[in-house]
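Input: a single structure, listed below in structure tokens.
The shown structure was predicted, so the numbers you read here are calculated from the model rather than taken from an experiment.
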Amino acid sequence: MANGATNGHVEKVKELDRTKYPGGHLTIYYGSQTGTAQMFAKQIASESESRGFCARIVDLQDVVDNDDVDSIEAESKAVDGSEYATIDEDGALIRATLAHPHYRDLDDDDENGHDNGKRRSKALFFMATYGEGEPTDNAQQFVEMMKSKSGISNIYKIETPPGSNGKESLVSPASTMSLEDITEEDTAAAPYSPRDATFLRDLDYAVFGLGNKQYEHYNNMSRFMDAALEQCGAKRVAAIGLGDDDDDLEGDFETWKDDVLWPSLTETYVKGAVMGAAANKKEGEGMALSLPPCPYLVEYLKTDDDKTAISKSLIQTSSKHYSQAVDCPIVARRELRDPSDPGSTVHMEIDISNHMDTCRYQTADNLGILPKNDSSVVESVAKALNYDLDRQFHLLPNTATDQGDASSKHTLPFPTPCTVRECLERYCDLTGPPRRSDLKQFAPYARDEMDRKALLRMSSKEGKAEYKEKIVEAHVGVADIVTRLCPSIACPLEHFVMVCPRLQPRYYTISSSSTVFPETIHITLAVLETEKKDGGGGVFKGLCSGYLAGMTIGDTVRVFVRESTFRLPKQVERPVLMFGPGTGIAPMRAILQERSHGRKNMGAEQHGASILYFGCKQRSMDYIYRDELESFCEEGTLTELHLAFSREQAQKVYVQHLLVKRAKETWKLIHEDKASIFVCGAVKMGADVDHTLQDIISEHGGMTREKAKAYLDKMAVAGRFVQELWS
């Protein structure tokens, strides 16, 4: 990051050309797990110049990794006067980026237009919520700092004010908070710290969130960031936007961008400035056939001397798993369902003994798996785009373009050198449905006008229904588009890397105990298969499950370990209450292995009860790990086993129905015995169990439904109520 201070003194900053950029500087920060928040940030940046702003994009990891010592030291010395005299180390680090003098503008509130030292920064935050209301990997450290600075200790109690519901998904500027007190017994992990109400008082901001309404803590990170920035004195200049990936995330983003963000920024900063016609162009109007600017360069290699690996510091934070993953062999594999069941659930064991330094795990952690595209798909794409699969190349930043920000440390999407085959196999999502914005990005490369118009039509707001029918429901991927549907697409490799979505890791909750199996990791996976509806025939297979289903003992898979929220209570005498229907049994199997080992080595009398609720369709078809569960019961590790076979009677029965019958006993376990509750499986199941627990707490605890929910929330903060769910 460019230095903005010398010897602790901030240098004089050259002003922007206000005829070109009447709105001044605009910094766009993103917290992204799969790249979508980053994509939205890039879209705003691409529109900024035509709107009168000079934009740069910053990975939130760059904020905490900032090594600009002069700027940090300058902020810690309160260069703006006594206003920030009490700033601490975290505050100085945050301000060194968010209030960097190179990207601040004269405060327009200064009536005389004089530079009196009062300069303001403008920032947009694109915040994805990951898992159960948690920050993405690249935002985690920044969020922790903002929790401390804002005084918001419980990030799960940020309340969204009226105006956020409905299709608009917008929150009014008057965002408020409601913080539940947390007892000392319940948590030592959520300390309260007094807020620093002024250290961002020279920052103007707006926030857009990426979430999914199927999850309880919908858009938790964006609502936290919106509240935390305000708590620290920053000024909200546009209402927060909440995007719902369960419905139409891109539509929510476009509505917020066009109806809220740009009108607010224009009114506040650009005022009456006359902008170029580009800002008012309709979708696709005047689109030239010349190639769009690209932030990457491909350098093909000729000799072995050229094959030095690109520095890991250049890899985007959201892609760090590509560098962290290692190849490990499969040492065991078996089908868990009965042959009479048309579906498939596979148990797999992976040997990590040669990578204990990087793959050491704790019981019920997550295993990230990097799948590969099928070789036939890769070869069809290479043939359509005229790529030589065997050529090796380096991917380098293209410093000649103005895409993104040249000062960012994390600029490249994956490590190189690699072959073109490896690039397409491991790093490009060729079979998943591309987003509408991806179709728009491919449009300039279509040489045939009909192909180009079709891509633009489906990428538009008006084409949402057609996109849903022809792309999402038909399971059409990028490979189908470039080989069959729009064969006129011609795209140089560096441009294909730019526009093609990244191939993301798939996470599986580890189903083995690290104490019992320290050198192998067990996973339990359901194989997804469904018939394609795009007219091309064939079967659509889940990329990762289909990839793993085709592997045999001795094959290697590229993996890495990710910490999960499942942690057994340190007080082994406390009970555990587990809900794991279907493949949600995975972490429960690991927990039971751990408890069984503890009972055998520490004494059975010291361990509390273990109660499991498991469900599947039929006892004879998909009752997976049946022998193991019955063995745990026989030895006394599994105190109670409650089974819900949904298809064995006229009326379907699920785990939450069995829980209702054990309401009184469950309340005693939770309240008196301090049981920990673990839930793993589908989002709907998790919500049903959550609501049933609230009913039980409300009825048997003699409290309102609101207080019952707060009771569960406190348990969650304390690590006693843990959910790992998927949609």
Does [X] reach the side chain of [Y], with side-chain heavy atoms less than 4.5 Å apart?
X	Y	answer
Arg562	Leu367	no
Glu132	Thr565	no
Lys664	Glu699	no
Gln723	Asp690	yes
His597	Glu594	no
Arg360	Val561	no
Arg619	Glu648	yes
Tyr508	Leu548	yes

Could [X] and [Y] be called an ion pair, given the rule that one side-chain N must be under 4.0 Å from one carboxylate O?
X	Y	value
Lys668	Glu665	no
Asp695	Arg705	yes
Arg662	Glu640	yes
Asp365	Arg567	yes

For the residue pair Phe208 and Trp256, does the interplanar ring angle fall in the parallel (under 30°), tilted (30 to 60°) or perpendicular (over 60°) class? tilted
Report the relative orientation of the aromatic rings in Phe125 and Tyr29; use parallel for angles under 30°, tilted for 30 to 60°, perpendicular for over 60°. parallel
Taking the six-membered ring of Phe199 (Phe, Tyr or Trp), confirm whether the NZ or CZ of Lys149 is under 6.0 Å from its centre and within 45° of its axis. yes
Is [X] reaching over with its side chain to a backbone N or O of [Y], donor-acceptor style, under 3.5 angstrom?
X	Y	result
Glu335	Arg337	yes
Arg595	Gly608	yes
Asp338	Met621	no
Ser514	Thr363	yes
Asp248	Asp244	no
Gln33	Thr136	no

Without hydrogens or angle criteria, can the side chains of [X] and [Y] be said to hold a donor-acceptor pair below 3.5 Å?
X	Y	result
Glu724	Asn366	yes
Glu635	Ser596	yes
Asn138	Ser318	no

So Ile523 and Glu349, side chain to side chain contact (heavy atoms under 4.5 Å, CB included) or not? Walk me through it. CA-CA 7 Å; Ile523 58 171; Glu349 299 177 16; over 6 Å; no
Step by step, work out the ring pair (Phe, Tyr, Trp, His ring centres under 6.0 Å) result for Phe614 and Tyr623. CA-CA 9 Å; Phe614 174 77; Tyr623 182 5; 5.6 Å; yes
Quick one: are the ring centres of Phe560 and Tyr507 less than 6.0 Å apart? yes
Can you tell me which residue among Glu216, Arg720, Gln694 is in a side-chain contact (heavy atoms from CB on, under 4.5 Å) with Leu712? Gln694
